[in-house]
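Chain letters run A, B, ... following the sequence lines, proteins first, then strands; residues in each count from 1. Because only heavy atoms are used, hydrogens play no part in the values below, and waters and symmetry mates are left out as well, while side chains stay in.
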Amino acid sequence: MAIKRVGSQTVKLENPPAIISSHSIVGPKEGEGPLKAYFDLILEEDLWGTESWEKAESKIQEECIKGAINEAGLSTKDIDYLIAGDLLNQIIASGYSARQLGIPYFGLYGACSTMTESLSLGAMLMDGGFADKIVCATSSHFSTAERQFRFPLEYGNQRKMTAQWTVTGAGATLISPSGPGPYIKCITTGKIIDPGIKDAANMGAAMAPAAMDTLINHFKDTGRDPSYYDLIISGDLGYVGKDIVIDMMKKEGYDLSKNYTDCGVEIFDRSLQDTHAGGSGCGCSGSVFNGYIIKEMKKGKFNKVLLMSTGALHSTLITQQGESIPGIAHAVVIENKREG
Amino acid sequence: MDKLNKKEYQKFSDKKSPKPKYLKNIVMAFLVGGIICAFGQVIINFLKSLGLDEKAVGAGTSIILVFLGAILTGLGVYDKIGKVGGAGAAIPITGFANAIVSPAMEYKREGFIFGVAAKMFTVAGPVLVYGIGSSVIVGLLSLLFRR
């Protein structure tokens, strides 16, 4: 019997894993944004000495994972599992970073929901007693995402006002059965919700219903309401998605107006950085969580955080065939107190 | 969310989505497109002053504008012109050069055959296919029915 399950989609971890280190690397544009003080490394140029954007993204992820391992005073040999994913076809940024690291590796594809997908699975593996050290990581790169999903960089097109800006960056979280925390307490795994949006330049609207579904089920499963948390933060719904979530959740009876925001809203300054509807990409919640959120949790600004990365599980191929964009959102609860 | 009404949600999310600034975009397209075309006229006048005939002037002007569009793409300037000018930058022949050169640059790392050569037409390909295709049809019709 699944004794750790609560309600329909949530698990409560019996021995909440401790986050013993975290690392974030971002590109130059993110390094000029409002959260610049929180990132461990800001790149001066986004090729980072490599020959291609893909190789650069892989290097960013690899160095980010190494950064988290070093910060904990460990070496790659001490790590039992690496759980990582990214946006590229065949998740090559992760596969090639894992090739260099030599850690037993699970590759994930959850699009931009990867950060909480990897944290969810990592925490469950650990609570199950299968590992002592796990790294959960993800990355994205503006230039690899542009060429895969949109247009060549030098092509002179106009971006839509609802379009979001893929974050160049990576985040890695190292978890262990014990440590000073914060701790991963609770996980709500999302279902795919497809509201029928076909415009790939309006991801916030495509993913918002999935985010709401996960939130509502989380609150129902745990019996909590939004005020339980100091911070509820979604991955990359951007300004459009955030606005939709606040409005529609209010109709469902949940007030998110006080403590809810979105990583894609926080990472860029929309008026100065011309990022339209905000940031997106796996690296958006990856770097904001491992940079901003964890650091502020350690300082005590936030004690109870619900992080919910959001993903759009489409490809250019299937949208050209007329399909709509399926959304997903996975929630992870991180708290400074282990008990309760 | 399982019982979400897709039509209503589409309407709701459209309302929540910021709209493009149409007036500003139209004015900028007019200005940028106008400047490019006025510059084309400068080239035409210059070539005429050299004593070239009308056909040679037309070909020469196109060649020079395509060259400039390609150079500005390579220098990383044309995408900025396109961002401001929209269709005003895309429709003149310089925009066509941008549509060919930008994927060629982008895919250089995948090699000269499967990268540059194969991907060069990913943006402009449809324009070529339907442009050349329809010109062939019009040509045939004119051959058959013109008296």
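- When the candidates Lys80(B), Glu110(B), Lys119(B) are compared by the number of heavy-atom contacts under 4.5 Å with chain A, Glu110(B) comes out ahead.
- Of the listed residues Glu252(A), Met248(A), Glu54(A), the one with more heavy-atom pairs under 4.5 angstrom with chain B than any other is Met248(A).
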Item to check | Full working for side chain to side chain contact (heavy atoms under 4.5 Å, CB included) between Leu4(B) and Met212(A) | outcome: CA-CA 11 Å; Leu4(B) 187 79; Met212(A) 288 182 269; 6.0 Å; no
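- Only the backbone of Val84(B) comes within contact range of chain A, with heavy atoms under 4.5 Å apart.
- Residue Leu23(B) places its CG atom among 12 or fewer non-hydrogen atoms of other residues, nucleotides or ligands, all under 6.0 Å distant.
- Proximity to chain A is absent for every atom of Asn5(B), based on heavy atoms less than 4.5 angstrom apart.
- Heavy atoms of other residues, nucleotides or ligands lying less than 6.0 angstrom from CD of Glu54(B) number 12 at most.
- Here the straight-line distance linking atom CD of Gln10(B) with atom CG of Asn202(A) works out to 8.5 Å at 0.5 Å rounding.
- Open room surrounds OH on Tyr96(A); 12 or fewer heavy atoms of other groups in view lie less than 6.0 Å from it.
- The distance from the NZ atom of Lys16(B) to the CG atom of Asp243(A) is 3.5 Å, given to the nearest 0.5 Å.
- Of the atoms belonging to Asp247(A), it is side-chain heavy atoms, and not backbone ones, that fall under 4.5 Å from chain B.
- For the set Gly85(B), Gly74(B), Ser13(B), Pro18(B), the entry with the most heavy-atom pairs within less than 4.5 Å of chain A is Pro18(B).
- Between chain A and the options Ala90(B), Ala89(B), Gly76(B), the largest number of non-hydrogen pairs under 4.5 Å is found for Gly76(B).
- With a 4.5 angstrom heavy-atom cutoff, Ala99(B) touches chain A via backbone and side-chain atoms both.
- Heavy atoms of Phe12(B) lying under 4.5 Å from chain A belong exclusively to its side chain.
- By the 6.0 Å contact criterion, CD1 on Ile113(B) is open, its count of non-hydrogen atoms from other residues, nucleotides or ligands being 12 or less.
- Heavy-atom neighbours of chain B within the stretch residues 143-164 of chain A, taken at a separation under 4.5 angstrom, comprise Ser143(A), Arg147(A), Phe151(A), Pro152(A), Leu153(A), Glu154(A), Tyr155(A), Gly156(A), Asn157(A), Gln158(A), Met161(A), Thr162(A).
- In this structure, the portion of Lys19(B) lying under 4.5 Å from any heavy atom of chain A is its backbone and not its side chain.
- Enclosure of atom CD in Glu45(A) by more than 12 non-hydrogen atoms of other residues, nucleotides or ligands within 6.0 angstrom is indicated.
- At least one donor-acceptor pair under 3.5 Å links the side chain of Tyr9(B) to the backbone N or O of Ala205(A).
- For the atom pair Lys108(B) NZ and Ser52(A) OG, the distance stands at 12.5 Å (nearest 0.5 Å).
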